Number of protein chains: 4
Amino acid sequence: MMNKKEKIVQAAIEVFKEKGIEKTKISDIVKLAGIAQGTYYLYFPSKLAVMPAIAEVMVEKSIAVVKNEVKRDASFTEQLVQIVDAIFKVTMDYREILALIYAGLASTEHIKEWETVYQPFYSWISEFLKEAKETGVIRESIHVERTSKLLIGLIEIAAEQIYLYDYRQDDQAEIQKAEVLEFLKHALGIQEK
Amino acid sequence: MMNKKEKIVQAAIEVFKEKGIEKTKISDIVKLAGIAQGTYYLYFPSKLAVMPAIAEVMVEKSIAVVKNEVKRDASFTEQLVQIVDAIFKVTMDYREILALIYAGLASTEHIKEWETVYQPFYSWISEFLKEAKETGVIRESIHVERTSKLLIGLIEIAAEQIYLYDYRQDDQAEIQKAEVLEFLKHALGIQEK
Amino acid sequence: MMNKKEKIVQAAIEVFKEKGIEKTKISDIVKLAGIAQGTYYLYFPSKLAVMPAIAEVMVEKSIAVVKNEVKRDASFTEQLVQIVDAIFKVTMDYREILALIYAGLASTEHIKEWETVYQPFYSWISEFLKEAKETGVIRESIHVERTSKLLIGLIEIAAEQIYLYDYRQDDQAEIQKAEVLEFLKHALGIQEK
Amino acid sequence: MMNKKEKIVQAAIEVFKEKGIEKTKISDIVKLAGIAQGTYYLYFPSKLAVMPAIAEVMVEKSIAVVKNEVKRDASFTEQLVQIVDAIFKVTMDYREILALIYAGLASTEHIKEWETVYQPFYSWISEFLKEAKETGVIRESIHVERTSKLLIGLIEIAAEQIYLYDYRQDDQAEIQKAEVLEFLKHALGIQEK
DNA sequence: TATGAATGAGGATTCATTCAT
DNA sequence: CATGAATGAATCCTCATTCAT
């Protein structure tokens with residue numbers, strides 16, 4: 001049984017996703033969470049104050065999807081494909097929330113928390129790159145920490161562009177994935193036999 | 001002497017930058033623009049309807065900076081360095097307002113206009129890549145239109161990461177620029193003598 | 001045709017009188033005033049901010065009633081009777097408002113305005129006492145300004161006691177009036193032939 | 001060691017005095033009293049229900065001060081001076097809370113209790129007047145019960161006027177006391193050899 | 001075109017009160 | 001008796017939008 005705070009965060013994610021940030025009413029969130037209006041304010045002092053908690057959950061979800069999709073015993077290239085697939089999937093599913101987290105965090109003092117929240121994701125990718133670098137699969141000159149951020153950022157951007165610009169999403173998504181993958185392979189300097 | 005529409009757009013940029021989207025009132029904008037409340041609605045049908053016009057101005061500024069910084073007679077790699085410099089500069093200067101535009105457009109039906117507005121920027125980069133591809137400076141497999149979007153997106157993301165995560169901005173910015181440049185060179189498969 | 005501000009003040013007096021301060025909603029006031037909810041806030045920044053304006057109107061009403069009831073060509077004692085009658089009437093009619101003006105003013109920063117607002121009433125009574133003192137109708141040792149305040153205060157208090165304590169108001173009011181009149185006559189040292 | 005009910009009353013006096021009626025929350029009161037929110041309702045059925053208890057404590061304080069200041073073996077006039085001094089002192093010290101009580105009682109059905117609560121004070125003054133009347137020190141026509149209320153009301157009003165209207169309180173208070181005393185002496189028709 | 005007073009729907013927030021423990 | 005987490009009704013105020021001038 002979830003505690004009330006978790007219920008609120010889950011409900012908030014759901015409703016924000018459904019309605020967007022402006023249209024969402026606290027009453028929608030608490031209705032879905034199955035609690036009273038006032039109870040919300042026992043846990044969060046304002047409408048926007050859930051944002052950091054949501055951000056945390058979303059990043060956890062992203063990591064979980066990536067960890068689940070990626071087969072660690074596959075080849076590096078295969079794993080890269082899986083990572084792109086996973087990030088595209090998460091971004092497509094949750095792009096509205098991700099956008100509003102960004103806007104929500106940006107419009108408050110919570111923006112500093114973003115780095116902390118994303119850190120586990122970066123760390124996982126860093127580790128992935130580090131192994132590949134050590135086995136010579138990617139170029140020697142890669143700086144794994146900084147590259148992990150560029151890599152995640154690039155794939156997210158690529159996924160968002162699909163959503164923004166293309167309406168025939170299904171095939172365009174595959175084309176864009178292929179493009180970003182090709183881009184990434186060269187960027188990482190993959191040398192796989 | 002600016003006409004009223006321009007005054008509104010300039011004032012809106014100023015106020016949105018100052019207060020963020022939620023906190024900005026039409027009354028703030030018209031006060032700064034020196035016009036009456038009702039006059040706003042002669043030019044824009046709603047609060048968010050000014051966003052595309054703002055976006056347009058901002059993208060024009062971005063393109064102007066890029067065109068100004070890039071020397072078209074330099075080598076491809078030199079021009080790439082200049083492009084990265086230019087986009088970093090614009091993003092650092094206007095990142096707040098750019099985030100707002102994105103959020104503002106995203107929260108309305110105006111989001112489709114984003115592509116139109118950004119198109120001249122993409123076109124310019126596409127042309128730049130096309131020439132390089134024709135002269136064999138970058139790899140043959142590049143799809144210039146899609147790559148132009150990835151390239152701009154990647155550089156912007158890289159610049160934003162500096163702002164988000166690093167406080168010692170001056171030296172970190174240079175390191176990040178170098179990293180993204182290296183990343184890009186490999187991604188594009190540069191073959192320069 | 002009254003302007004909007006006056007309409008609001010009149011409606012506020014009416015509704016406060018009817019419902020008391022806690023139970024009164026802004027929506028009640030604007031409904032009675034025949035204006036929109038938001039219009040209220042064009043003229044007064046908060047619910048309690050009408051209070052000084054109400055106070056002013058109430059004191060004006062009090063003075064008007066007194067001036068209307070008192071026949072200036074009657075004897076001093078007769079005029080005193082009329083003053084007592086007038087203040088009792090006003091206090092009975094508007095005691096709820098008077099109480100909440102007092103509470104409302106007291107709970108804000110507006111309390112200093114009270115003196116200004118009551119001043120015309122004091123002045124009128126002062127003048128009345130001054131004439132009587134000059135013609136030797138009341139004792140020589142009277143300080144007219146200070147006594148005017150005591151006199152008004154005493155009559156108001158006497159009227160309020162009736163309201164507070166006695167339910168058979170009609171006859172009790174007459175007894176209390178007689179008592180306060182007797183009290184006052186001695187206090188003023190009336191010497192009327 | 002105080003019992004819980006007393007703690008609540010004391011805390012309520014403190015908080016109401018500090019914040020006024022509207023701004024005071026039950027949570028403030030219980031926090032200061034050092035008890036749980038629910039415990040309040042074991043002793044008082046509503047927020048305003050504590051008002052009569054506060055009133056009682058305040059009136060007890062008033063009576064105690066009067067009894068303490070007044071020397072029963074002094075002459076009537078001297079005792080009158082002492083009564084005026086005592087009521088001025090109490091009113092100056094507690095005028096805010098007294099105003100609140102009045103407003104608080106007035107805004108509920110508890111107002112009827114005010115008479116009961118004040119009764120001991122009235123009785124004490126009545127007794128004082130009765131003795132004076134019997135010994136011929138004050139005029140025969142005095143109705144002692146009704147006059148006791150007028151007397152207390154008049155002195156309180158006089159004291160409040162000092163607070164409201166005069167900032168140089170020290171000397172003004174003495175002048176006002178002298179004025180009200182003179183007023184009272186005549187009103188009561190004192191005949192002291 | 002320009003004005004700015006007027007509108008009124010809408011929702012975040014508060015807080016007195018309850019009740020399961 | 002005591003607790004304090006939970007409740008949810010109640011309302012002030014905001015502010016985008018309109019429209020008579």
Side-chain angles (χ1 to χ4, degrees), chain A residues 3-5 7-8 19 21-31 33-50, chain B residues 3-5 7-8 19 21-31 33-50 108, chain C residues 3-5 7-8 19 22-31 33-50, chain D residues 3-5 7-8 19 21-31 33-50:
Chain A
N3 67 33
K4 294 237 163 45
K5 192 166 186 172
K7 276 186 190 168
I8 292 170
K19 304 196 161 191
I21 202 165
E22 304 249 344
K23 297 285 182 62
T24 293
K25 290 172 281 180
I26 295 289
S27 65
D28 297 326
I29 295 175
V30 298
K31 203 177 297 164
I35 57 166
Q37 189 107 345
T39 306
Y40 177 92
Y41 290 89
L42 294 179
Y43 296 94
F44 300 100
S46 74
K47 185 180 174 182
L48 257 12
V50 241
Chain B
N3 68 31
K4 291 235 164 53
K5 191 166 187 172
K7 275 187 189 168
I8 291 171
K19 305 196 160 189
I21 282 185
E22 305 251 341
K23 297 285 181 63
T24 292
K25 292 173 278 181
I26 295 288
S27 65
D28 297 323
I29 295 174
V30 298
K31 204 179 295 165
I35 59 166
Q37 190 102 347
T39 306
Y40 177 92
Y41 288 89
L42 297 178
Y43 296 94
F44 299 100
S46 75
K47 182 184 176 181
L48 263 2
V50 76
T108 65
Chain C
N3 66 33
K4 295 239 161 47
K5 191 166 187 170
K7 276 187 189 167
I8 292 170
K19 305 198 160 188
E22 304 250 345
K23 297 285 182 63
T24 293
K25 290 171 283 178
I26 295 287
S27 64
D28 298 326
I29 296 174
V30 298
K31 204 177 297 168
I35 58 166
Q37 189 104 345
T39 305
Y40 177 93
Y41 290 89
L42 294 180
Y43 296 94
F44 300 101
S46 73
K47 185 179 174 183
L48 258 11
V50 242
Chain D
N3 64 32
K4 292 235 164 51
K5 190 166 187 170
K7 274 187 190 168
I8 292 171
K19 304 196 160 191
I21 282 185
E22 305 250 343
K23 298 284 182 64
T24 293
K25 291 171 282 180
I26 296 287
S27 65
D28 297 325
I29 296 175
V30 297
K31 203 178 297 167
I35 59 167
Q37 190 102 345
T39 306
Y40 178 93
Y41 288 89
L42 296 178
Y43 296 95
F44 299 100
S46 75
K47 180 183 176 181
L48 262 3
V50 74

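Below, all heavy atoms of this structure are taken into account, side chains as well, without hydrogens, waters or symmetry copies. Please read all numbers here as calculations on a predicted model, not as lab measurements. Chain naming here is simple, since letters A, B, ... match the order of the sequence lines and numbering starts at 1 in each.
- Partners of D:F44 under the side-chain contact (heavy atoms from CB on, under 4.5 Å) rule, at least two apart in sequence or in another chain, are D:K5, D:I8, D:V9, D:Y40, D:A49, D:V50, D:A53.
- Rounding to whole angstrom units, CD1 of residue C:I8 and C1' of F:dC12 are separated by 15 Å.
- Rounding to whole angstrom units, CG of residue B:N3 and C1' of E:dA2 are separated by 14 Å.
- Rounded to an integer number of Å, the gap from D:I29 CD1 to F:dG4 P is 17 Å.
- As a whole-Å value, the separation of C:K31 NZ from E:dT7 P is 15 Å.
- Regarding B:K23, its NZ atom lies at a distance of 15 Å from the P atom of E:dA12, rounded to whole Å.
- Secondary-structure annotation of DNA chain E gives the stems E:2-21 with F:2-21, with a stem taken as at least 3 successive Watson-Crick or G-U pairs whose two distances both fall under 3.5 Å.
- Partners of D:K25 under the side-chain contact (heavy atoms from CB on, under 4.5 Å) rule, at least two apart in sequence or in another chain, are D:S27, D:D28.
- For C:K31, there are no side chain to side chain donor-acceptor pair (under 3.5 Å) partners, not counting sequence neighbours.
- Between A:K4 and F:dA5, a side-chain N or O to OP1/OP2 separation shorter than 4.0 Å is absent.
- E:dG8 atom C1' lies 16 Å from atom CG of C:D28, rounded to whole Å.
- Taking for each of D:I35 and A:Y43 the nucleotide of DNA chain F with the nearest heavy atom, the 5'-most of the two is the partner of D:I35.
- Between B:K25 and F:dA16 there is no side-chain N or O to OP1 or OP2 distance below 4.0 Å.
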Collect all protein-nucleotide pairs involving nucleotides 17-21 of chain F in which both atoms are nitrogen or oxygen and the distance is under 3.5 Å.
| from | atom 1 | to | atom 2 | distance (Å) |
| --- | --- | --- | --- | --- |
| F:dT17 | OP2 | B:Y41 | OH | 3.1 |
| F:dT17 | OP2 | B:K47 | N | 2.9 |
| F:dT17 | O4 | B:Q37 | NE2 | 3.3 |

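- Note: NZ (D:K7) to P (F:dC1) measures 14 Å, nearest angstrom.
- Contact check, B:T39 against E:dT3: a side-chain N or O comes under 4.0 Å of OP1 or OP2.
- Within the 4.5 Å cutoff, side-chain heavy atoms of C:I29 are placed close to those of C:T24.
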